[in-house]
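Naming: A, B, ... by sequence-line order, numbering from 1 per chain.
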There are 2 protein chains.
Amino acid sequence: MAMRKRSETARRTGGRAQDALRGDLYAPQCPSRGVLEHVTSRWGVLALVALLEGGTHRFSALRRKVAGVSEKMLSQTLQALEADGFVQREVFPEVPPRVEYTLTPLGHEVAGRVKGLAEWIEANLGRILTAREQRPVRAPRREAS
Amino acid sequence: MAMRKRSETARRTGGRAQDALRGDLYAPQCPSRGVLEHVTSRWGVLALVALLEGGTHRFSALRRKVAGVSEKMLSQTLQALEADGFVQREVFPEVPPRVEYTLTPLGHEVAGRVKGLAEWIEANLGRILTAREQRPVRAPRREAS
DNA sequence: GGTGGGTACTTACCAACAGAAAGCAAGGCC
DNA sequence: GGCCTTGCTTTCTGTTGGTAAGTACCCACC
């Protein structure tokens with residue numbers, strides 16, 4: 001992304017070696033923002049949770065599970081997650097082609113956290129919807145006259 | 001969003017009362033997807049984490065902290081989070097105008113989870129970047145000849 | 001007294017992105 | 001031969017996100 005060399009980010013964030021490298025979300029050019037966007041993207045979240053819950057999936061199975069995603073977006077999402085080392089892609093040179101996606105150990109860790117967030121929302125939807133109704137629209141410009 | 005009546009979702013998900021309502025992320029029309037998108041949106045994540053770490057903020061302070069966000073997007077993001085009951089907005093009719101944003105108890109809970117995810121990424125950036133380098137581009141079309 | 005400044009937005013506009021649909025490749029089946 | 005399958009990629013189009021400018025309000029300054 002915006003990063004040219006590892007050492008540059010390392011300098012900015014104070015780290016030195018790769019395994020000690022730490023990101024800073026508040027810095028606009030930090031690659032951690034890109035990673036965060038990949039895992040929290042509209043379809044990234046759902047793909048990660050689906051892979052965590054169901055284990056290895058092939059492309060079409062994942063597409064069915066994550067209802068509503070287009071092939072383009074699923075492909076794009078998985079490519080991003082693969083590039084970040086969260087999912088492993090395996091191609092079987094058969095006809096018709098078969099491709100399987102699996103979480104890496106790294107992916108397993110993020111997916112767990114993403115799933116925690118997703119489940120919290122599912123479980124608390126009632127509370128959220130209640131809050132929504134109490135805050136119907138928004139003051140129509142300015143509350144003080 | 002896509003939901004017309006609460007009872008519709010309740011029927012689909014098997015719940016009955018609002019406080020027992022549970023979402024289903026895999027259902028395309030479930031409002032939980034909308035909520036998830038708000039909290040995992042590019043700026044939603046950063047706003048929640050900033051409010052969790054720093055407590056009450058006024059608009060311009062938040063904008064400084066979440067470097068790179070435009071006024072429009074921050075305003076829009078905060079409106080969505082307010083509508084979902086995650087942040088509370090308080091206007092002081094002074095001159096110059098002052099508006100303060102604070103997490104609600106509900107917002108505190110989500111923000112905690114979001115922050116956990118964000119911090120995991122910050123802490124593991126090194127591992128992710130290492131994985132990225134080992135997976136340089138992507139097979140240029142088809143791996144089997 | 002009129003000009004400039006500060007805050008929190010909203011609006012207009014444009015570029016980038018997401019999504020629907022069609023194309024592609026390679027072999028099997030009828 | 002024509003059509004089916006899968007996992008993409010490409011094309012086209014509508015929605016979204018970002019930038020910049022405007023708005024409203026009152027005060028301080030010259």
When the distance from CZ of B/Arg33 to P of C/dG19 is rounded to whole Å, what number comes out? 10 Å
Whole-Å gap separating P (C/dG28) and CD (A/Glu94): 12 Å
Partner set under side chain to side chain donor-acceptor pair (under 3.5 Å) for B/Thr102, not counting sequence neighbours: B/Thr56
Rounded to 10°, tell me the angle between the two end axes of the helix from C/dG1-D/dC30 to C/dC30-D/dG1, each built from five pairs. 30°
Once you apply a heavy-atom cut-off of 4.0 Å, does A/Gln76 come out as touching a base, just sugar-phosphate, or nothing? sugar-phosphate
With the side chain defined as heavy atoms from C-beta on, B/Arg89 is closest, among C/dG19, C/dA8, D/dC8, to C/dA8
Any side-chain donor near an acceptor of the partner, B/Tyr26 and A/Glu53, under 3.5 Å: yes
Return the minimal non-hydrogen interatomic distance between B/Val69 and B/Leu74, and the atom names on each side. CG2-N, 3.7 Å
Atom pair distance, as rounded to whole Å: NE2 in A/His38 and P in C/dA18: 10 Å
Going through the distances and angles, do B/Leu48 and B/Lys115 end up as a side-chain contact (heavy atoms from CB on, under 4.5 Å)? CA-CA 8 Å; B/Leu48 285 173; B/Lys115 190 187 172 198; over 6 Å; no
DNA chain D contacts among residues 56-73 of chain B, heavy-atom distance under 4.0 Å: B/Ser70, B/Lys72, B/Met73
Heavy-atom nearest nucleotide on DNA chain C taken for A/Trp43 and for B/Arg98; more 5' hit belongs to B/Arg98
Hey, is the main chain of A/Glu71 close enough, under 3.5 Å, to the side chain of A/Ser75 for a donor-acceptor pair? no
In this structure, how many angstroms lie between the P atom of D/dT9 and the CG atom of A/Leu78, rounded? 11 Å
Nearest-Å distance, CD (B/Glu37) to P (D/dG17)? 9 Å
Proximal nucleotide (of D/dT6, D/dT9, C/dC9) relative to the A/Pro96 side chain: D/dT6
